Structures are given as C-alpha cells and as structure tokens.
Amino acid sequence: MFIHKLELVNFRNYEHCKIEFQTNKTILVGKNAQGKTNLIESIYYLAVLSSYRASGDSELIKKGESSAVIKAMVEKSFTNVNLDIIINPPKHKLLKVNSIKKSGYSQFLGNLIVVNFSISDLLLLRGSPSDRRKWIDDSISQLYPAYIDRLHKYNKIRVQRNNLLKEFKGNINLTQSQKDSLFVWNEQIIKSGSNLIHLRMKYLKEIQSRACEKHKFISFGEENLLVKYNSTITGDFDCVEDEIMPPEKIAELYSINISQKQAEEIIRSQTVTGPHRDDILFFINGINAKNFASQGQQRTIVLALKLAELDFIKSITDENPVLLLDDVLAELDQSRQNYLLDSIGENIQTIITTVDISNFPPEYLEGVTIYNVESGKIKGI
Ligand SMILES: Nc1ncnc2c1ncn2[C@@H]1O[C@H](COP(=O)(O)OP(=O)(O)OP(=O)(O)O)[C@@H](O)[C@H]1O
Ligand SMILES: [Mg+2]
C-alpha cells in the first residue's frame with residue numbers, strides 16, 4: 001500500500017497543500033506547531049474516518065472556514081484508487097472512492113490501511129478504557145470495514161435503549177408493556193454487542209501472539225506479555241489460554257448479565273454493561289502493567305503492539321500498511337529506536353515527523369525524502 005498524493009484544503013492549519021510521496025520513507029521536519037501532526041492526522045482520517053485526537057469533525061476545519069477536504073491517490077493491490085472526503089458538519093461527511101459517492105463508512109474503509117504510532121499512544125496503558133477501545137475499534141475497522149457499521153449500530157441501539165430506560169423514571173416495577181419494550185431492545189443489544197465482543201477477542205488473540213514475541217525480543221527474553229480482554233459481559237478473556245467464544249455463547253452470558261443488571265440500569269437510566277464499557281489489560285510476567293510497569297516497559301508494550309499490528313495486517317491483506325510515526329522516535333531509547341527502524345524494513349511506506357533530523361542514524365536517511373513543514377506549508381528540501 002502506498003500513498004502517492006495527498007491534498008488538503010482548509011484542514012487544520014493547511015489552507016491548501018499538495019504533497020507527492022516519491023520514496024518509501026518520508027520525513028517531515030519542522031518546529032513545534034507548524035502542522036506536522038495535522039498532516040499525519042489527515043492520513044489517519046483517510047484510513048479510519050475519525051481522528052485520534054479531535055473531539056469532533058468541526059475541530060478539523062480551518063478556523064473561519066466551513067468545510068475541509070482531504071484527497072489522496074493511494075496504490076492498493078497494484079491499482080491506484082482516488083479517495084475524497086469532504087468534512088462539512090453538521091452534514092454527514094461526503095465520501096468518494098474513484099469519484100463514486102459512498103453512503104456508508106464500510107464502503108470507504110479498507111482502501112488505505114495505516115498503523116499510527118504517535119506520542120499519545122505511549123499513554124495507551126495509562127489512559128482511559130475509552131482510549132484503548134478507540135485503538136481496537138479503529139484497528140479492526142480498517143481490516144474488517146463491516147465492523148464500523150456494526151459498532152455504529154450497537155451505539156444507536158444503546159442510545160435508544162437508554163431513552164427507554166429514562167422513560168421508566170427509576171421505577172423498577174415495570175408494567176407488562178414496559179417489560180415487552182425492554183425485551184425488544186435487550187434482544188437487539190445482546191445480538192449486536194455479542195458480535196462486537198467476539199470480533200474484539202478474535203483480533204486481540206492475533207495481536208497477542210505477535211506482540212508477545214516482539215516484546216520478548218525487545219526485553220532480552222526477560223518479559224512475557226499477556227493481553228486480556230476485560231469484558232463486562234464475559235469477564236476476563238485470556239488471549240493465550242482461552243478459546244474465542246462464539247457469538248452465541250457470548251449472547252447467553254449477555255442475557256444473564258442484562259437480567260441481573262436490570263434494576264441498576266433502570267435506576268441509573270443507562271446501559272451499564274457491554275462492549276462500550278469493556279477494557280483491554282496488559283500483563284508483564286503476570287503483573288498488571290497499567291499500575292506497575294515502568295515508563296520504559298509501557299513503551300515496549302506499545303511498540304510491540306504496533307509492530308504486531310503491522311505483521312497482522314500484512315498477513316491478512318498481503319500488503320504492508322502505511323506506517324505513521326509522529327514524534328515517537330525521540331521518545332524511545334537507542335535500542336528500541338533501532339529495533340523499530342530495523343523492523344520497518346525497506347518495503348513499508350513510512351511517514352515520520354520530527355523537530356530535529358539530526359536524531360536520525362545517518363544510514364536511515366539514505367534515500368529518504370525530507371520535507372519542511374512551516375506554518376501549514378510543505379516545502380521540499
Ligand atoms: N482547526 C484549525 N484551524 C487552524 N489552525 C489549527 C486548527 N487546528 C489546529 N491548528 C493549529 O495547527 C498548528 C499545528 O499543529 P500540529 O499539531 O500539526 O503541530 P506540530 O507541527 O505537530 O507541532 P509539535 O512539534 O508541537 O507536535 C497549531 O498551531 C494549531 O493551533
Ligand atoms: Mg506534533
């Protein structure tokens with residue numbers, strides 16, 4: 001997979017910018033607040049249809065403007081694909097693939113697959129469960145675009161179910177018609193939620209084996225990484241020991257869980273369990289890394305996860321995803337930097353941002369295209 005051309009109009013601090021990627025390795029150099037991360041964010045948006053750092057689409061539009069455009073020409077399976085996004089809130093964003101309008105996210109996703117490793121990812125373990133859910137949801141959506149539709153459907157069902165719970169006004173003694181209405185929404189959320197949990201377990205099991213191997217290597221064979229899916233429905237799913245549960249089995253547990261939680265949900269007027277409350281846990285040598293791992297160990301975990309994602313995507317799609325490294329190299333020590341740069345190899349399109357090019361090993365700079373980013377403008381060097 002290769003991004004040949006990228007064009008931004010009124011995206012963040014870019015009024016209009018065009019960039020052509022000529023070599024597999026590109027470095028964007030610039031002082032702070034010039035637009036390096038904004039450019040990486042636009043590429044991420046093309047791959048995921050949401051930002052990893054904006055709270056909403058309006059934030060992405062240049063101040064004073066009403067819409068933003070991201071366009072790209074991407075090579076996928078030896079074929080060039082033109083992607084167009086117009087961000088125009090409150091309207092739905094306009095999506096086009098080869099000039100043909102796409103009505104659903106799932107029809108657009110999958111044309112560009114990225115692995116993004118930015119400085120904020122280093123906080124993945126310490127961050128909130130919603131950060132970890134965003135990571136897994138974005139990753140799965142790129143590989144299985146239908147996942148995004150299922151996730152949106154689940155969220156819609158949840159909002160409607162919450163509205164119904166609110167109508168009960170905290171009274172747990174439901175009338176027959178209230179029970180019937182709740183039953184209908186329960187059936188829907190169980191089916192939809194079980195499917196998401198099943199897909200997350202499946203994804204994490206693939207990532208676990210690859211990440212564990214890389215983690216072991218970086219830690220000189222001393223540390224064993226274990227990933228668990230911490231579900232409010234099924235309990236902890238050990239990605240090494242446990243078999244992936246089929247959706248029907250998850251649905252059985254869901255049904256029990258939801259009837260146990262009924263009174264609490266009515267009192268709180270909200271859906272208190274389900275994939276929107278699940279989390280991912282990481283253990284090093286059996287100890288929960290969130291509370292006990294040092295900063296360096298946490299970085300090793302995130303590095304291992306990102307490299308595991310690269311491998312897994314390659315194994316499924318038979319193509320390398322595009323790797324985005326935003327400010328992250330300077331945060332890794334020499335041995336982790338070397339491991340990362342060596343692992344990338346020659347064939348992966350890699351776009352790196354930095355404030356200081358002198359941090360790079362000279363051998364890495366051979367055959368690299370370097371661009372200067374200055375006040376929302378890109379200049380060749
Ligand atoms: N919607 C927007 N409209 C206009 N400018 C924006 C918008 N959103 C962000 N900016 C500006 O874009 C500038 C560049 O941000 P960016 O995060 O890309 O910087 P950077 O080059 O990555 O810097 P650093 O080295 O500090 O990470 C910031 O000054 C920010 O205020
Ligand atoms: Mg930045």
Side-chain angles (χ1 to χ4, degrees), residues 3 6-19 21 25-72 84-94 112 114-124 126-127 131 134-135 138 295 299 302-303 306 322-332 337 340-341 349-360 364-365 368-381:
I3 307 171
L6 174 73
E7 183 174 351
L8 304 176
V9 181
N10 293 332
F11 184 89
R12 294 276 197 189
N13 69 333
Y14 290 93
E15 188 184 322
H16 188 199
C17 126
K18 278 184 179 179
I19 180 166
F21 296 95
K25 309 278 186 268
T26 303
I27 300 183
L28 304 168
V29 197
K31 293 186 190 143
N32 294 131
Q34 300 304 309
K36 301 182 299 297
T37 302
N38 293 346
L39 195 125
I40 296 281
E41 187 182 29
S42 71
I43 297 174
Y44 188 85
Y45 200 96
L46 277 166
V48 177
L49 292 175
S50 70
S51 163
Y52 54 94
R53 62 176 191 161
S55 50
D57 279 355
S58 309
E59 231 179 88
L60 305 173
I61 299 168
K62 193 169 193 308
K63 283 193 194 93
E65 301 293 338
S66 55
S67 64
V69 176
I70 313 174
K71 276 168 169 290
D84 284 79
I85 302 175
I86 302 178
I87 304 169
N88 192 13
K91 289 191 211 147
H92 286 299
K93 45 190 153 259
L94 185 73
L112 171 65
V114 301
V115 170
N116 180 44
F117 189 7
S118 69
I119 210 159
S120 57
D121 288 310
L122 296 171
L123 298 171
L124 188 71
R126 285 270 154 90
D131 296 332
K134 168 100 178 116
W135 163 66
D138 285 359
Q295 245 187 33
R299 280 161 196 224
V302 179
L303 174 58
K306 297 289 169 177
V322 174
L323 178 62
L324 308 172
L325 298 176
D326 186 17
D327 256 351
V328 85
L329 276 176
E331 295 296 319
L332 301 173
Q337 269 190 34
L340 172 58
L341 293 176
Q349 185 180 19
T350 309
I351 302 168
I352 304 183
T353 72
T354 185
V355 284
D356 187 1
I357 196 101
S358 66
N359 289 333
F360 285 81
Y364 186 81
L365 297 177
V368 167
T369 309
I370 302 171
Y371 288 106
N372 233 325
V373 183
E374 215 181 301
S375 304
K377 294 205 163 56
I378 311 269
K379 293 176 195 150
I381 285 182

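Along the sequence shown, the residues carry numbers beginning at 1. Numbering of ligands and ligand atoms starts at 1, following listing order. Quick caveat: nothing in here was measured; it's all calculated off a predicted structure.
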J.: Between atom CG of Leu323 and atom CZ of Phe117, what is the distance when rounded to the nearest 0.5 Å?
T.: 9.0 Å
J.: Please confirm whether the backbone N or O of Thr26 pairs with a side-chain atom of Tyr371, one donor and one acceptor, at under 3.5 Å?
T.: no
J.: Out of curiosity, Thr354 OG1 to Asp327 CG, how far, rounded to the nearest 0.5 Å?
T.: 6.5 Å
J.: Please list, chain by chain and in numerical order, all residues satisfying ring pair (Phe, Tyr, Trp, His ring centres under 6.0 Å) with Phe21, sequence neighbours excluded.
T.: none
J.: Side-chain donor-acceptor pairs under 3.5 Å in residues 61-71, sequence neighbours left out?
T.:
residue, atom, partner, partner atom, Å
Glu65, OE1, Asn10, ND2, 3.4
Lys71, NZ, Asp84, OD2, 2.9

J.: Any side-chain heavy-atom pair from Cys17 and Glu7 closer than 4.5 angstrom?
T.: no
J.: Does NE2 in His16 sit with more than 12 non-hydrogen atoms of other residues, nucleotides or ligands closer than 6.0 Å?
T.: yes
J.: Taking Arg12 first and then Glu59, would you say they form a salt bridge - that is, a charged N and a carboxylate O separated by under 4.0 Å?
T.: yes
J.: Please identify which of these residues, Thr37, Asn38, Asp326, meets the side chain to side chain donor-acceptor pair (under 3.5 Å) condition with Arg53.
T.: Asn38
J.: List, ordered by chain and residue number, the protein residues whose closest non-hydrogen atom lies under 4.0 Å from any atom of ligand 1.
T.: Arg12, Asn13, Lys31, Asn32, Ala33, Gln34, Gly35, Lys36, Thr37, Asn38, Arg53, Glu59, Ile61, Lys62, Lys63, Asp327, Val355
J.: For the Mg ion (ligand 2), report each protein N, O or S atom nearer than 2.8 Å, sorted by chain and then by residue number.
T.: Thr37 OG1
